[in-house]
Participant: 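Pasting a structure below so you can have a look.
First the proteins, then the strands, lettered A, B, ... as listed; each starts at 1.
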2 protein chains.
Amino acid sequence: MSKKTLRVSKIKNGTVIDHINGGHALDVVKILGITGSTSGVISIGINVPSKRLGIKDIVKVEGRELDPSEVDKIALLAPHATINIIKDYKVVEKKRVKLPDTVTGVIKCGNPACISNSSEPVQSKFYVEKEEPLRLKCHYCGHVMEKGDVLKQF
Amino acid sequence: MSKKTLRVSKIKNGTVIDHINGGHALDVVKILGITGSTSGVISIGINVPSKRLGIKDIVKVEGRELDPSEVDKIALLAPHATINIIKDYKVVEKKRVKLPDTVTGVIKCGNPACISNSSEPVQSKFYVEKEEPLRLKCHYCGHVMEKGDVLKQF
């Protein structure tokens, strides 16, 4: 890739979340809790031309790795993303985000009467009915959650 | 600047909003109406090291120039930004954002009873009492607006 088409440059250490579906980078940024008051360098490319996806988004977070709960959340909103751990400008680990068939404990059920929202020790559990656009169904009450409902929780 | 420190690369045509106060790029993105469904390539750098500001943010919008109402809004939230119009990789116009002493018609007064919110043909008008953090005072009712109140309108 020539210098002029590489929109967001290499980073020394940190995490690159690549192949995010075009236009979804700002959702990923929200998941990572990046707001006006966050420290640390972040680079974001939106609607960047991609061979594999046509267009894609990319987010580079310098100086830190993602924790597993962040990866689980990204899987919900960018199910085809790849996560690269970078050390000294080199990719030392590459993993593909994977949305499992059931999603447990990551988001809350939107139905306030659901047993997973009660004081019972019951973790939320959803079946992934559809990846794109996202459609989750609660194991306990059958309540359906879509992408917008999920995003509101992050 | 070496290739490795240039976080967000040159663009061919469009607008570069530079020297945004560190951490405020996502506010600027919101002003520009950039959401998941916007087309066009956008690159964003957050908390990038800067000689002038210590850290700064930068937003590059490919393929379009900003309209004056967008520039007025950016002045409210990033009063020290510079806006560069790029054609064929060259800066053809450079302007400094300037927050005027009075801000007219850009935002609505947060007081529902203010005459500028009535059906009278009265444009909103605020005095800039402070730039950082932003503090605006309504000319008509004295209502004070801060940054968070302003952001909610964009």
Participant: Is any side-chain heavy atom of B:L26 closer than 4.5 Å to one of A:L26?
Facilitator: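 They are in side-chain contact.
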Participant: Tell me every residue that passes ring-ring contact (aromatic ring centres under 6.0 Å, His included) with A:Y127, counting only those two or more places apart in sequence or in another chain.
Facilitator: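 For A:Y127 the ring-ring contact (aromatic ring centres under 6.0 Å, His included) partners, ignoring immediate neighbours, are A:H139.
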Participant: Which atom names give the shortest non-hydrogen contact between B:P49 and A:V41, and what distance separates them?
Facilitator: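 Shortest heavy-atom separation between B:P49 and A:V41 comes out as CD-CG2, 4.4 Å.
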Participant: State plainly whether one hydrophobic cluster holds both B:L99 and B:L77, where clusters connect Ile, Leu, Val, Met, Phe, Trp and Tyr through side-chain heavy atoms under 4.5 angstrom apart.
Facilitator: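 Looking at the clustering, B:L77 is in the same group as B:L99.
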Participant: For the CD1 atom of B:I44 and the CD1 atom of A:I44, what is their distance to the nearest 0.5 Å?
Facilitator: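 Output value for this atom pair is 4.0 Å.
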Participant: Should the heavy atoms of other residues, nucleotides or ligands under 6.0 Å from NZ of B:K30 be counted, would the total exceed 12?
Facilitator: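 For B:K30, atom NZ is crowded (more than 12 foreign heavy atoms under 6.0 Å).
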Participant: Contact part of A:V59 toward chain B, heavy-atom cut-off under 4.5 Å: side chain, backbone, both or neither?
Facilitator: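 For A:V59, no heavy atom lies under 4.5 Å from chain B.
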Participant: Indicate, with yes or no, if A:L151 and A:L32 share a hydrophobic cluster defined by side-chain heavy-atom contacts under 4.5 Å among Ile, Leu, Val, Met, Phe, Trp and Tyr.
Facilitator: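 As far as the 4.5 Å side-chain criterion goes, A:L151 and A:L32 are connected within one cluster.
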